[in-house]
Amino acid sequence: MNAMDEHSRSVWMDVKVASHARPLEKDLAIDVVVIGAGIAGLSIAYELLQRGLSVAVLDRGTIAGGMTARTTAHLAPICDDTLAELLSMRGAELSRGFQDSQSAAVDRIEEIQFREGIDCEFRRLDGILFLDPTSDKNILDDEFKAAAKLAVTVKRGKGLPLVGLEDTPYLRYPNQATFHPLKYLQGLCGAIEAKGGFLHPNTAVDEIQEQGAGVRARLANGHQVAASTAVVATNSPIHRTTGFHTKQAPYRTYAMAFDVKNGEVEDKLYWDTLDPYHYVRVTAGPKGRDRLIVGGEDHKSGEADNAAARFVALDAWIRMLVPTLGAETHRWSGQVMDTLDYSGFIGLDPDYKRIYVVTGDSGQGITHGVVASLMIPAMIAGDESPYASVYDPARKPLKAAGRFMSENITALSNAASYLAPGEVASVEDLYPGQGAIIRSGLTKIAAYRDENGRIYQRSAVCTHLGCHLQWNSFERCWDCPCHGSHFAPDGNVLNGPAVTALPETEN
Ligand code: FES
């Protein structure tokens, strides 16, 4: 269990994936080393094994214990930034490629769960985009026209069986899907191991380098993995690379689950037209009841520490639509990497010849992860991918130059925050469970007092590229607003791109 799990628990986390797997504690030689055991890394490993390659998947945490365990698993191929936005940003050809690839990913999940006999509650269902009363009334019209241009099937409708939405216009996208993500990955891991793949949790990788005709992954425990090829499938790339961190930005999103009578809310995927939008789905709960899952309230990582208020807002919003909702059962948050043009970066890292990357989930992490599994194994085998230009890691989205400037303002304003005063005067001011920044001369300290009164004092400077960390009181971790690293109160890395723990320091 990492520090985040103590205070935040998703509705999926009762399912433990590959809990028998052990850390790698010896040197290893393999065809492909995959770093990151989320949906992307595991799906890529599965496809590589199908091609007869030997594969090891390494993760600094548990298998499928990162952001994949925090998804709400809307398997909707529809671009969640709207099809109209996608079309205007990327043009018809690339937008069609995006939609085709996302649909192919859902088809592939359906095929694999059937072929491998994985009981993961996979099902096809409608996706419903409904108009929020405060949104521009033209949004749905624009979306309808964009869908037609992209050959996406959509129907208009009016009135949903939710309180206050009885006359609300909506668009209905048939043939979307959903599932239980960790049940799926539990089955996928079984298939990976049955085909001879290796899964190694709690195996942190410090460095990945090309060497001779292959790659070498240096582990934090001193061992190394030699491989022909590496795939970096961490939420944000952990290897030395120049091309990605200025083209994507980390956002926190919040989710809650509630007990509700079976069938009370129709089994569909719902989302509205707000920005950030709300998203809603149903999953099976215990004793014949359902769980209603609602998410939203997104903000830039590290730029707010008011999760409680965001959960209050989510609770109020969903209870307005479903007044019969029962007790809250889960609340959690996760991080998504938003790119400038709504599509991930998948393929060969342009800085290397044998290191592939998948990042920039754009809030559609499950489908993006599986798209990567359709592309990268084919590319490693020397085949062309029909989606290569959509997700080209080297692309520089010129139309998104304005967003580029605003996303990178985070790094600039973060640099200014070095000069700001500390949040508390000394560690004496910390109550149990609290973290805060303390100024000590020119230095800033990330200080935390645990429930037993033990004090941790670490550098408040992110070990990735030096941004200034912010305390996240809900997850009880330090968030980096620049590129998405998370650190535990004791300084250990929870989420990359950082790979080095925060050094100890003293007031
Ligand atoms: Fe890049 Fe912190 S994640 S500076």
Side-chain angles (χ1 to χ4, degrees), residues 2-4 35-36 38 59-61 66-67 70 204-208 220 232-253 298-305 333-340 344-345 349 351 357-362 365 393 403-420 435 437 443-448 458-472 475-505:
N2 68 35
M4 297 172 96
I35 299 104
D59 197 292
R60 75 166 47 252
M67 293 307 146
R70 294 159 179 271
V205 174
D206 277 354
E207 192 171 39
I208 306 149
V232 181
T234 46
N235 179 240
S236 183
I238 62 162
H239 63 301
R240 275 177 208 274
T241 184
T242 57
F244 301 101
H245 297 304
T246 54
K247 297 192 292 189
Q248 59 184 18
Y251 280 75
R252 274 260 170 215
T253 186
D298 306 13
H299 63 81
K300 266 312 270 296
S301 288
E303 291 194 351
D305 184 26
S333 76
Q335 182 166 275
V336 299
M337 300 301 299
D338 271 359
T339 67
L340 298 171
F345 299 105
D349 182 326
D351 291 348
V357 69
V358 42
T359 187
D361 55 80
S362 303
R403 286 188 71 206
F404 172 86
M405 286 306 296
S406 66
E407 297 295 7
N408 280 282
I409 282 170
T410 295
L412 296 174
S413 62
N414 187 271
S417 76
Y418 275 117
L419 304 174
I437 300 292
T443 308
K444 286 212 169 167
I445 298 170
Y448 174 74
R458 301 292 182 268
S459 164
V461 177
C462 178
T463 55
H464 176 229
L465 292 176
C467 282
H468 186 202
L469 302 174
Q470 306 289 331
W471 178 242
N472 180 331
E475 298 288 359
R476 294 205 190 182
C477 69
W478 296 99
D479 284 353
C480 181
C482 286
H483 315 115
S485 292
H486 304 151
F487 298 87
D490 66 2
N492 281 319
V493 177
L494 297 173
N495 196 67
V499 293
T500 306
L502 301 173
E504 286 193 44
T505 185

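Ligands are counted one by one from 1 in listed order, and the atoms in each one are counted from 1 as well. For this chain, numbers begin at 1 and follow the sequence in order. Bear in mind that the values here come from a model prediction, so they are computed numbers and not experimental data.
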Between Cys467 and Cys482, is the SG gap short of 2.5 Å?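 Yes, Cys467 links to Cys482 through a disulfide.
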Under a 3.5 Å distance rule, please check whether Ser362 uses its side chain to pair with a backbone N or O of Gly360 as donor and acceptor.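 Answer holds: yes.
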Between CE of Met337 and OG of Ser301, what distance do you get to the nearest 0.5 Å?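 The distance works out to 7.5 Å.
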Using ring centroids (six-membered ring only for Trp), state whether Trp471 and Tyr448 fall under 6.0 Å.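 Centroid distance Tyr448-Trp471: below 6.0 Å, so yes.
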Output, by chain and residue number, all protein N/O/S atoms separated from atom 2 (Fe) of ligand 1 by less than 2.8 Å.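 Cys462 SG, Cys480 SG, with waters left out.
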Please work out which of the three classes, parallel, tilted or perpendicular, describes the rings of His464 and His483, given edges at 30° and 60°.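 Ring orientation of His483 relative to His464: perpendicular.
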Have a look at Phe487 and tell me which of Leu469, Leu494, Asn472, Asn492 forms a side chain to side chain contact (heavy atoms under 4.5 Å, CB included) with it.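 Going through the options one by one, the only one that passes is Leu469.
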